[in-house]
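Just so we're clear, the structure is a prediction, and the values are computed from it rather than from any experiment. Positions are given from 1, in the same order as the sequence printed here.
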Amino acid sequence: MSDLASYTLIGLEPNADSIRQQFAAAHGWENQYRLIIQLGKQLPVLPGEWQQQEYRLKGCESQAWLKGELGADGNWHFACDSDARIVRGLIVIVLAALNHQSAEVIQAFDMEAYFTELGLEKHLSPSRGNGLRAIVLAIRDQAV
């Protein structure tokens, strides 16, 4: 499969607004943590040929991969995966905001405000927070 536009609907559904609604409904960090793990189950497993060093994300303690391409529709489409359950959920949160978007939208989206609104900043360990930022930076580096 080489067409990332149809690889996953994450970014269309769920999108950033539906993620915000789900977090608002999941009261307390314990419920939000469960939600993150549940979101991770929506992420398709990355094909083995994409789990190569060239797609490996730097800055993540766990193994994570990102493959992106500019689609015929002018939007950027991404496939991303990790070997860690919580990271898979965090990837869904990022892709909900940035997948299937134009480069302009990707560059302009206020990820720090999004993460703060979801309450992620105050609950993630520093290494997880750094890994989350590494995913966002890698997406933005590709979408230029």
Legend entry - Other residues, nucleotides, ligands: >12 heavy atoms within 6.0 Å of K58 NZ: yes
Inset, instruction - Could you tell me which residues satisfy side chain to side chain contact (heavy atoms under 4.5 Å, CB included) with Q32, sequence neighbours excluded, listed by chain and number? - result: F23, A26, W29
Legend entry - Polar side-chain atom of N31 near backbone of H27 as donor-acceptor pair, under 3.5 Å: yes
Inset, instruction - Verify, without hydrogens or angle tests, whether E54 (side chain) and W50 (backbone) share a donor-acceptor contact under 3.5 angstrom. - result: no
Legend entry - Connected-component partners of L12 among ILVMFWY, side-chain separation under 4.5 Å: L9
Legend entry - Qualifying salt bridge (Lys or Arg N to Asp or Glu O under 4.0 Å) pairs with a residue from residues 23-36, counting only residues at least two apart or across chains: E30-R34
Inset, instruction - Sequence neighbours left out, what pairs pass salt bridge (Lys or Arg N to Asp or Glu O under 4.0 Å) with at least one residue falling in residues 70-84? - result: D81-R88
Legend entry - Single-linkage hydrophobic cluster, 4.5 Å side-chain cutoff, L70 and Y55 together: no
Legend entry - Test item: D3 and Y7 side chains (from C-beta on) under 4.5 Å apart, heavy atoms: no
Legend entry - Partner set under side chain to side chain donor-acceptor pair (under 3.5 Å) for D110, not counting sequence neighbours: none
Legend entry - From CZ (R128) to NE2 (H123), nearest 0.5 Å: 14.0 Å
Legend entry - L66-L46 co-clustered via ILVMFWY side chain contacts under 4.5 Å: no
Inset, instruction - Working to the nearest 0.5 Å, report the span between NZ of K41 and CZ of R85. - result: 7.0 Å
Legend entry - Test side-chain contact (heavy atoms from CB on, under 4.5 Å) applied to Q63 and S82, step by step: CA-CA 5 Å; Q63 291 191 63; S82 174; 5.7 Å; no
Inset, instruction - Treating Ile, Leu, Val, Met, Phe, Trp and Tyr as nodes and any side-chain heavy-atom pair under 4.5 angstrom as an edge, say whether W65 and V87 lie in one connected cluster. - result: no
Legend entry - Non-neighbouring partners of Q51 that pass side chain to side chain donor-acceptor pair (under 3.5 Å), sequence neighbours left out: none
Inset, instruction - Hey, could you give me the CD/CD1 distance between Q22 and I19, rounded to the nearest 0.5 Å? - result: 5.0 Å
Inset, instruction - Using the test side chain to side chain donor-acceptor pair (under 3.5 Å), find all partners of T116 that sit at least two apart in sequence or belong to another chain. - result: none
Give the table of side-chain donor-acceptor pairs shorter than 3.5 Å for residues 89-104, with sequence neighbours excluded, one pair per line with atom names and distance.
from : atom 1 : to   : atom 2 : distance (Å)
N99  : OD1    : F78  : N      : 2.7
N99  : ND2    : I10  : O      : 2.8
H100 : ND1    : H77  : ND1    : 2.6
H100 : NE2    : T8   : O      : 2.7
S102 : OG     : E104 : OE1    : 3.4
S102 : OG     : V105 : N      : 3.2

Legend entry - R56 atom CZ: more than 12 heavy-atom contacts under 6.0 Å: yes
Inset, instruction - Calculate, to the nearest 0.5 Å, the distance between atoms CG and SG belonging to L4 and C80 respectively. - result: 11.0 Å
Legend entry - ILVMFWY cluster, L43 and L39 together (side-chain gap under 4.5 Å): yes
Show the atom names and distances, to 0.1 Å, of all donor-acceptor pairs under 3.5 Å that link a side chain in residues 129-143 to residues at least two apart or in another chain.
from : atom 1 : to   : atom 2 : distance (Å)
N130 : ND2    : P126 : O      : 3.3
R133 : NE     : E112 : OE2    : 3.4
R133 : NH1    : G129 : O      : 2.9
R133 : NH2    : E121 : OE1    : 2.6
R140 : NE     : I106 : O      : 3.0
R140 : NH2    : I106 : O      : 3.4
R140 : NH2    : F109 : O      : 2.3
Q142 : OE1    : G68  : N      : 3.3

Inset, instruction - State, yes or no, whether a side-chain contact exists between Q21 and P14 at a heavy-atom distance under 4.5 Å. - result: no
